[in-house]
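Predicted, not measured: the structure shown is a model, and the values here were computed from it.
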Amino acid sequence: QVQLVESGGGSVQAGGSLRLSCAVSGNSSGSMYGNYVMGWFRQALGKEREAVAATKSNGAKLYADSVKGRFTISQDNAKKTLYLQMNSLKPEDTAMYYCATGYPRYWDFSQGYSYWGQGTQVTVSS
């Protein structure tokens, strides 16, 4: 079984930065094999879960329009860790952030992912 654990969340003021981490464990390289996808999703209180960013096994990186230019997704296979660097944070970025991995048909379709972390809270105040 693959396990994902997020960390790095917290409370920051608008314009600040946070770096989220997602540690992958449970097998030799988590789901980092084949045509895997690793992604970040977020869910604000009272709203549906939405895709934030994802990275594919071929190196492609995808971002939601709302975060493009501000967030950067990256991974370190040696450390088995996925990262999300978040800069120029806005109050609307406030949400619980989840990392996920699997083999989804579409990168932004949450139900296509097989493994999920427990989430880390990000709160941005104005």
Pair Y113 and F41, ring centroids less than 6.0 Å apart: yes
Considering all heavy atoms of both residues, which atom of L82 and which atom of C99 are nearest to each other, and what is their separation? CD2-CB, 4.2 Å
Quick check: closest heavy atoms across S66 and R42, and the distance to 0.1 Å? OG-NH2, 3.5 Å
Contact list for residues 44-74, test ring-ring contact (aromatic ring centres under 6.0 Å, His included), sequence neighbours left out: none
Non-neighbouring partners of Y97 that pass ring pair (Phe, Tyr, Trp, His ring centres under 6.0 Å), sequence neighbours left out: none
How long is the span from the CG atom in L89 to the OG atom in S125, to the nearest 0.5 Å? 10.5 Å
Consider only side-chain heavy atoms of I, L, V, M, F, W and Y, link residues closer than 4.5 Å, and tell whether V5 and V52 are in one cluster. no
Side-chain polar contacts of residues 11-22 - donor-acceptor pairs under 3.5 angstrom, sequence neighbours left out - could you list them?
| residue | atom | partner | partner atom | Å |
| --- | --- | --- | --- | --- |
| S17 | OG | N87 | OD1 | 2.9 |
| R19 | NH1 | Q85 | OE1 | 3.4 |

Do M38 and F109 sit in one hydrophobic cluster, given that two such residues count as connected whenever their side-chain heavy atoms are within less than 4.5 Å of each other, even indirectly? no
As an exercise, state the distance from OG1 of T123 to CE of M96, rounded to the nearest 0.5 Å. 8.5 Å
Under the 3.5 angstrom rule, does the side chain of N77 hit a backbone N or O of K80 as a donor-acceptor pair? no
So CD of Q43 and CD of Q121: to nearest 0.5 Å the spacing works out to 10.5 Å
I need the minimum non-hydrogen distance between G9 and T120, along with the two atoms involved. N-OG1, 3.1 Å
From L84 atom CG to S74 atom OG, the distance as rounded to the nearest 0.5 Å: 8.5 Å
Sub-4.5 Å side-chain heavy-atom contact between M86 and V122: yes
Can you tell me how far OH of Y98 sits from CH2 of W40, rounded to the nearest 0.5 angstrom? 12.0 Å
So, do V24 and V2 sit near enough that their side-chain heavy atoms are less than 4.5 Å apart? yes
Donor-acceptor contact below 3.5 Å, side chain T81 vs main chain K79: yes
So which heavy atom on I73 is nearest to which on K61, and how close? O-NZ, 3.2 Å
Looking at W116, is R49 sitting on its ring face, NZ or CZ under 6.0 Å from the six-membered ring centre and within 45 degrees of the normal? yes
Does atom CD of Q118 have more than 12 heavy-atom neighbours, drawn from other residues, nucleotides or ligands, at distances under 6.0 Å? no
Please give me the minimum heavy-atom distance between S88 and R70, naming the atom from each residue. O-NH1, 3.0 Å
